[in-house]
Amino acid sequence: MTSPRRAQIGLALAALALGVVVLVVVTGGEHNVHRGAYAALALATGWGFTGTGLYVWRRRPGNRVGPLMIAVGFSGMLKALAFANGSVLFTIGSLGEVLIFAVLVHLLLSFPSGRLEGRLDRLLVGASYFNTTVVNTAAFLFTDPAKAGCSNCPSNPLLIESSQAASVISTAEVDIAIALLGAVVAVLYRRWRDSTHGQRRAYAPVLAGGSLTFALLMTQLIVQQAGLSSGVSDALTLALFGSIACLPVAFLVGLLRFRFGQAEAVSLLVARLGAGGGRGALRDALAEALGDPDLELAYWVPSQGSYVDAVGRPMRVDPAPEGKVATIVEHEGRRVGAILHNADLAEERDHVRAVGAAAALTLENERLEAELRANLDQLRASRARIVTAGDVQRRRLERDLHDGTQQRLMALGINLRMARDRVSSDPEEAVELLDASLDELNEATRELRELARGIHPAVLTERGLRAALNGLAERSPVPVDLTETPDGRLPSSVESAVYFVVAEALTNVARYAGARVATVSVQRSNGHIDVEVSDDGVGGADPDQGSGLRGLSDRVAALDGRLDLKSADGRGTTVRASIPCV
Amino acid sequence: MGRTVLIVDDHPSFRASAKRMLEADGYDVIAEAADGAHAIDAVRVLRPDLVLLDIRLPDVDGFQIAQRLAADGPAPAVVLTSSHDRSDFAREIADSPVQGFIPKSELSAGAISLLLG
């Protein structure tokens with residue numbers, strides 16, 4: 001048996017036993033005028049709250065409403081012990097006499113999530129516990145029951161001395177209680193006012209019952225302060241006990257309605273979806289069904305491994321934005337999207353999932369549209385970048401030709417003209433000029449070769465990928481371990497993409513990585529060519545910095561492939577590309 | 001002593017060849033500059049008779065340098081040169097306060113002397 005289960009059975013047995021004690025104590029109490037009524041109400045409160053609390057706890061183990069209801073049940077029975085004739089039970093009952101009201105405040109303010117959400121809620125609950133324990137105990141220490149008008153009450157073993165202090169502290173306790181109850185009723189009213197139609201149906205019995213109880217308690221305290229007749233006070237006390245005893249029923253009705261509310265939300269959603277609607281209709285329907293007007297939908301795009309919104313823009317889901325919680329929606333075992341909803345709904349994940357499941361098919365359809373838009377946007381951006389990259393490359397080529405080869409050829413021309421003019425008059429200088437011209441010519445040839453290789457390596461066309469990669473490894477200033485290359489020839493577009501991925505990655509290794517060695521592997525697997533270039537350098541490369549990797553990513557994407565960069569600080573860099581190749 | 005010359009070009013190999021060519025023909029190359037800012041400073045300080053000025057420079061182009069030199073007062077003779085040919089800059093050359101233009105492919109001391117008259 002699990003430990004919560006054991007605890008629940010233990011609590012049920014304890015509540016039964018305490019209930020029997022309460023029955024005996026209240027019916028035998030000599031300082032109690034309405035024995036039968038009090039006994040019945042104490043048991044109804046104790047067993048009613050404990051039983052309902054145990055049921056709620058089992059249904060929703062993560063929600064604190066169940067344990068809080070059990071606490072109300074026990075504190076209700078504790079209160080009844082104040083009717084005991086024996087001084088020990090009387091003292092225990094007197095000390096815990098008003099604790100039930102603090103626990104009730106806690107329960108009401110935390111319904112239905114079981115958590116206190118705001119600072120005001122926490123302040124009210126904290127002050128209530130302080131008033132019903134510390135202040136109440138302080139008053140009891142100076143209270144002699146006989147002198148306080150209860151001649152049949154047992155003596156107070158904790159009495160320090162009977163003094164005015166008791167009435168001063170008691171008056172303060174009552175004043176504080178009245179103020180706190182007024183504030184709690186105002187908070188409950190505000191909660192009611194701000195809730196949606198569906199929420200109101202579920203919360204109505206609880207909020208109405210709770211507010212009635214607190215209003216009765218306030219009235220009773222005011223009557224007590226005003227010193228009105230004990231008949232009025234007794235009647236109010238009975239009415240108050242009666243209303244507390246009825247509260248478990250209110251909670252049960254509230255919970256049942258809440259489950260009906262779920263079903264209602266799903267059927268409302270299905271009806272709305274059946275009516276169709278344009279883009280945004282699903283979001284609106286979900287927002288209404290879940291009572292969260294700020295709800296957002298995120299669509300999963302498997303090819304990008306990320307979420308996008310309805311128009312294909314990237315969306316952050318994990319971690320969810322502040323104040324929001326993401327509930328993933330699946331369809332036939334596949335992730336289709338996520339509902340980003342108010343964190344208040346976090347405790348109602350089952351509810352959100354039920355509503356999300358009802359919308360999964362529509363969500364899947366919208367997801368396909370969003371994925372298409374996202375891919376289209378990416379394609380447009382990639383196409384624009386390819387055009388820009390082409391322009392940039394042509395400009396660089398022109399600059400390289402102008403600054404390098406062209407200048408050398410110009411200088412060569414000058415030297416040759418001068419040599420021609422001096423062949424007869426000064427043959428020695430003519431030879432010097434011809435030597436200088438040959439040097440210029442060699443340099444110009446070398447630069448042209450480099451340039452041509454940058455445009456498209458001839459060795460790749462003529463002798464294939466392995467030879468071209470060997471050449472790259474040979475020329476790299478960082479030692480390269482070329483572990484694997486595919487046999488035979490590949491489509492020329494794939495060979496080019498692989499070559500330039502490796503060339504750019506090795507250039508980056510040489511420039512930025514501070515690596516001792518780089519490893520290159522190119523292999524075929526499952527209809528793809530997988531390229532991996534890794535180094536043991538400093539890492540920390542940013543894929544968004546520099547146009548080189550972005551350009552390669554576009555080149556690979558143009559072949560329906562994918563380029564990834566992994567570069568944690570201090571742990572080297574790995575560039576991976578996977579390109580379809582049948 | 002021949003005419004003093006400042007060579008302005010951002011390519012060292014071209015400057016070296018031009019210097020050799022001009023000196024072989026009796027010109028006195030007193031300075032070289034790799035960009036427009038250094039060229040203007042050198043002209044103000046050294047007052048050369050001739051500036052052999054490349055059109056395409058890293059900071060400002062040769063036309064702007066010629067304009068500034070002309071605006072500064074008595075300007076040296078300026079001969080523009082470029083690895084592009086005349087058709088690329090016909091209008092700008094015509095509008096510039098310079099002696100003339102010689103493509104680098106045709107550059108010689110004789111061609112410069114012809115322009116200077």
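So that the names make sense, note that chain A is the first sequence line, chain B the second, and so on, each numbered from 1.
Pairs passing the ring pair (Phe, Tyr, Trp, His ring centres under 6.0 Å) check and including a residue from residues 41-77 of chain B, sequence neighbours excluded, read B/Phe63-B/Phe89.
Judged as a side chain to side chain contact (heavy atoms under 4.5 Å, CB included), and not counting sequence neighbours, the contacts of B/Leu115 are B/Val79, B/Ile102.
Between chain B and the options A/Leu412, A/Leu409, A/Leu433, the largest number of non-hydrogen pairs under 4.5 Å is found for A/Leu433.
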Determine which donor-acceptor pairs between chain B and chain A fall under 3.5 Å and list them with their distances.
{"residue": "B/His11", "atom": "ND1", "partner": "A/Gln407", "partner atom": "OE1", "Å": "3.4"}
{"residue": "B/His11", "atom": "NE2", "partner": "A/Asp403", "partner atom": "OD1", "Å": "3.0"}
{"residue": "B/Ser17", "atom": "OG", "partner": "A/Asn415", "partner atom": "OD1", "Å": "3.4"}
{"residue": "B/Arg20", "atom": "NH2", "partner": "A/Glu432", "partner atom": "OE1", "Å": "3.2"}
{"residue": "B/Arg56", "atom": "NH1", "partner": "A/Glu398", "partner atom": "OE2", "Å": "3.0"}
{"residue": "B/Arg56", "atom": "NH2", "partner": "A/Glu398", "partner atom": "OE1", "Å": "2.9"}
{"residue": "B/Ser83", "atom": "O", "partner": "A/Gln406", "partner atom": "NE2", "Å": "3.4"}
{"residue": "B/Ser83", "atom": "OG", "partner": "A/His402", "partner atom": "ND1", "Å": "3.2"}
{"residue": "B/Lys104", "atom": "O", "partner": "A/Arg417", "partner atom": "NH2", "Å": "3.4"}
{"residue": "B/Lys104", "atom": "NZ", "partner": "A/Gln407", "partner atom": "OE1", "Å": "2.8"}
{"residue": "B/Ser105", "atom": "O", "partner": "A/Arg417", "partner atom": "NH1", "Å": "2.7"}
{"residue": "B/Ser105", "atom": "O", "partner": "A/Arg417", "partner atom": "NH2", "Å": "3.4"}
{"residue": "B/Leu107", "atom": "O", "partner": "A/Arg417", "partner atom": "NE", "Å": "3.3"}
{"residue": "B/Leu107", "atom": "O", "partner": "A/Arg417", "partner atom": "NH2", "Å": "2.9"}

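Annotation: residues 44-53 of chain B contacts chain A through no residue [non-hydrogen atoms, separation under 4.5 Å].
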